[in-house]
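Presented below is the structure to which this report refers.
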Amino acid sequence: QVQLVESGGGLVQAGGSLRLSCAASGLTVSSYAMGWFRQAPGKEREFVATVTRIYGTSYYADSVKGRFAISRDNAKNTVYLQMNNLKPEDTAVYFCAAVLVSGIRSAPNDYEYWGQGTQVTVSS
């Protein structure tokens, strides 16, 4: 049974940093495309970042490029999202997702497995 468990969310002031973690069980993160998405109240779920299977190529939404970094620790079977210079518009529930495909995947419908989400709130 696949489980993705996010952690690391919280309340931070604008300009601050957070690191989200996604601990996986039932799959090997290096063999899956792993993604981070977010959903603010009243808005659709949107792509944040992804790292491809095997080679680990990363890809970002324009809104977070240069501020966020996705990485994975194969030994811990965990994917991270380092978020720097946070802005109030980054406030959302952040979700980790996984799918067993190659290439870059940035649409929510591309992903098969999802975590329960972790809340990130950025105050101005």
Whether the side chain of Gln3 engages the backbone of Gly26 through a donor-acceptor N/O pair (distance < 3.5 Å, no angle test) should be reported. no
Option among Leu20, Val64, Asp90 that satisfies the side-chain contact (heavy atoms from CB on, under 4.5 Å) test with Met83: Leu20
Checking side-chain polar atoms at under 3.5 Å, does Thr50 have a donor or acceptor matched by the opposite partner on Tyr111? yes
Heavy-atom donor-acceptor pair, Thr52 side chain to Thr57 backbone, under 3.5 Å: yes
Hey, mind stepping through Val120 and Thr91 against side-chain contact (heavy atoms from CB on, under 4.5 Å) and telling me if it holds? CA-CA 5 Å; Val120 171; Thr91 295; 5.9 Å; no
Beyond-backbone contact of Asn74 with Val29, side-chain heavy atoms, under 4.5 angstrom: yes
Could you state whether Val5 and Tyr113 fall into the same hydrophobic cluster, counting links through intermediate Ile, Leu, Val, Met, Phe, Trp or Tyr residues with side-chain heavy atoms under 4.5 angstrom apart? no
Among Glu44, Arg45, Glu46, which one satisfies side-chain hydrogen bond (donor to acceptor under 3.5 Å, both in side chains) with Gln39? Arg45
For Ala98 and Leu27 the tightest heavy-atom approach is CB-CD2, 3.9 Å
SG of Cys22 to CG of Leu81: how many Å apart, nearest 0.5 Å? 10.5 Å
Considering all heavy atoms, the nearest Ala33-Gly103 contact: CB-O, 4.5 Å
Between atom CZ of Phe95 and atom CZ of Phe37, what is the distance when rounded to the nearest 0.5 Å? 11.0 Å
Residue from Tyr60, Tyr59, Trp36 passing ring-ring contact (aromatic ring centres under 6.0 Å, His included) with Phe47: Tyr59
Please say yes or no: joined through hydrophobic side-chain contacts below 4.5 Å, possibly via intermediate residues, are Val2 and Val79 part of one cluster? yes
Find out if a path of hydrophobic residues (ILVMFWY) with successive side-chain heavy-atom gaps under 4.5 Å connects Trp114 to Val101. yes
So which atom in Ser17 and which in Asn85 form the shortest heavy-atom distance, rounded to 0.1 Å? OG-N, 4.3 Å
Between Asn77 (side chain) and Ala24 (backbone), is there a donor-acceptor pair under 3.5 Å? yes
Determine yes or no for a side-chain-to-main-chain donor-acceptor pair under 3.5 angstrom, with Thr118 supplying the side chain and Glu6 the backbone. no
Quick check: do Arg38 and Ser63 have side-chain heavy atoms less than 4.5 Å from each other? yes
Where the side chain of Thr78 meets the backbone of Lys76, is there a donor-acceptor pair that is under 3.5 Å apart? yes
Find out whether Lys87 and Arg67 are in side-chain contact, i.e. whether some heavy atom of one side chain is under 4.5 Å from a heavy atom of the other. yes
Is there a chain of hydrophobic side chains (I, L, V, M, F, W, Y, each step under 4.5 Å between heavy atoms) that links Val93 to Val122? no
Same cluster (ILVMFWY, side-chain, under 4.5 Å), Val99 and Leu4: no
I want to check something: taking the side chain as every heavy atom from C-beta on, are Asn84 and Leu86 in contact at a cut-off of under 4.5 Å? no
Atom of Gln119, atom of Ala92 and distance for their closest heavy-atom approach: NE2-O, 3.4 Å
Identify whether NZ of Lys or CZ of Arg in Arg72 sits under 6.0 Å from the centre of the six-membered ring of Tyr80 and within 45° of that ring's axis. no
Judged by modelled atom types alone, do Tyr32 and Arg53 share a side-chain donor-acceptor pair under 3.5 Å? no
